[in-house]
Protein chains: 2
Amino acid sequence: MSLNDTFKALADPTRRKILDLLKDGDLTAGQIAEHFDMTKPSISNHLNILKHAGLVWDERKGQTIVYSLNTTVFQDVMKWLIDLQQSKG
Amino acid sequence: MSLNDTFKALADPTRRKILDLLKDGDLTAGQIAEHFDMTKPSISNHLNILKHAGLVWDERKGQTIVYSLNTTVFQDVMKWLIDLQQSKG
DNA sequence: AATATATTTAGAAAATTATCTAATAATGAA
DNA sequence: TTCATTATTAGATAATTTTCTAAATATATT
């Protein structure tokens, strides 16, 4: 759950697409996997990395696990980017 | 020079630290390398990745090559982050 | 022209990350 | 309890990235 974890998580195009999918609403792991030409365990791994970075939350609902986007972590990334644009000069 | 290149470039802590160093002013490749416990070729590689992503510019000055920060690329990253925070409803 | 300095390029080794198949866990329904 | 469904974990392989040493390039100086 560090800034490094967040940047690392955002570095992969599959994971960025997952976040983009979740923008429109929560989805189960299976629904997310449907959007990719990749096995479910691979998607599960990506979801775990996103979860570790605090970019998504998960909640079991019966047989399924529902994932939702958490954009609060973006604040730290934005802060880092903005700080870099202001010289200490 | 794609958004993917930018995210990939930002995913490494050494490269983020290089950007942070350049925030205070331009530096030669050698001066940058001094800040790290790593060989010059390794730093040179990181600088090349940052350059490829459009995050830094380089300019030869005599024997040295001076690197400077380019934050204009950040706009694209920011846009991506902000877009993600606004649902398509 | 020869030498020194600053940096990069080339190529290999090490480390990390992404992906797959097979097996396991958790829930729900018959 | 047994079977089906959803999803994850484990472990192996493949791919990518990082880092190193050695060699090459570019400029400046003597």
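We name chains A, B, ... by the order of the sequence lines, and we start the count at 1 in each one.
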Peer 1: So what does A:T64 touch, heavy atoms closer than 4.0 Å: a base, only the sugar-phosphate, or nothing?
Peer 2: sugar-phosphate
Peer 1: Can you tell me if B:T71 uses its side chain to pair, donor with acceptor, with the backbone of B:F74 under 3.5 Å?
Peer 2: no
Peer 1: So if I take every side-chain heavy atom of B:T28 and compare against C:dT7, C:dT19, C:dT8, which nucleotide ends up nearest?
Peer 2: C:dT7
Peer 1: Separation of A:E59 atom CD from D:dA7 atom P, in whole Å?
Peer 2: 14 Å
Peer 1: Want to settle it: does A:K40 or B:N48 sit nearer the 5' end of DNA chain C, counting the closest nucleotide to each?
Peer 2: B:N48
Peer 1: Would a 4.5 Å heavy-atom cut-off, applied to side chains only, mark B:V66 and B:D58 as touching?
Peer 2: no
Peer 1: Among C:dA18, C:dT9, D:dT18, which nucleotide sits nearest the side chain of B:P41?
Peer 2: C:dT9
Peer 1: Among all residues two or more places apart in sequence or in another chain, which pass the side-chain hydrogen bond (donor to acceptor under 3.5 Å, both in side chains) test with A:Q85?
Peer 2: B:Q75
Peer 1: Between A:D12 (CG) and D:dT17 (P), how many Å, whole number?
Peer 2: 10 Å
Peer 1: Using a cut-off of strictly less than 4.0 Å, decide whether B:R60 has a side-chain nitrogen or oxygen near OP1 or OP2 of C:dA6.
Peer 2: no
Peer 1: Go nucleotide by nucleotide along DNA chain C from the 5' end; which of A:K8 and A:S42 gets its closest nucleotide reached first?
Peer 2: A:K8
Peer 1: Any base atoms under 4.0 Å from B:N45, or only sugar-phosphate, or nothing? Heavy atoms, all strands.
Peer 2: base
Peer 1: Under 4.0 angstrom, heavy atoms only, what part of the nucleic acid is A:Y67 near: base, sugar-phosphate, or nothing?
Peer 2: sugar-phosphate
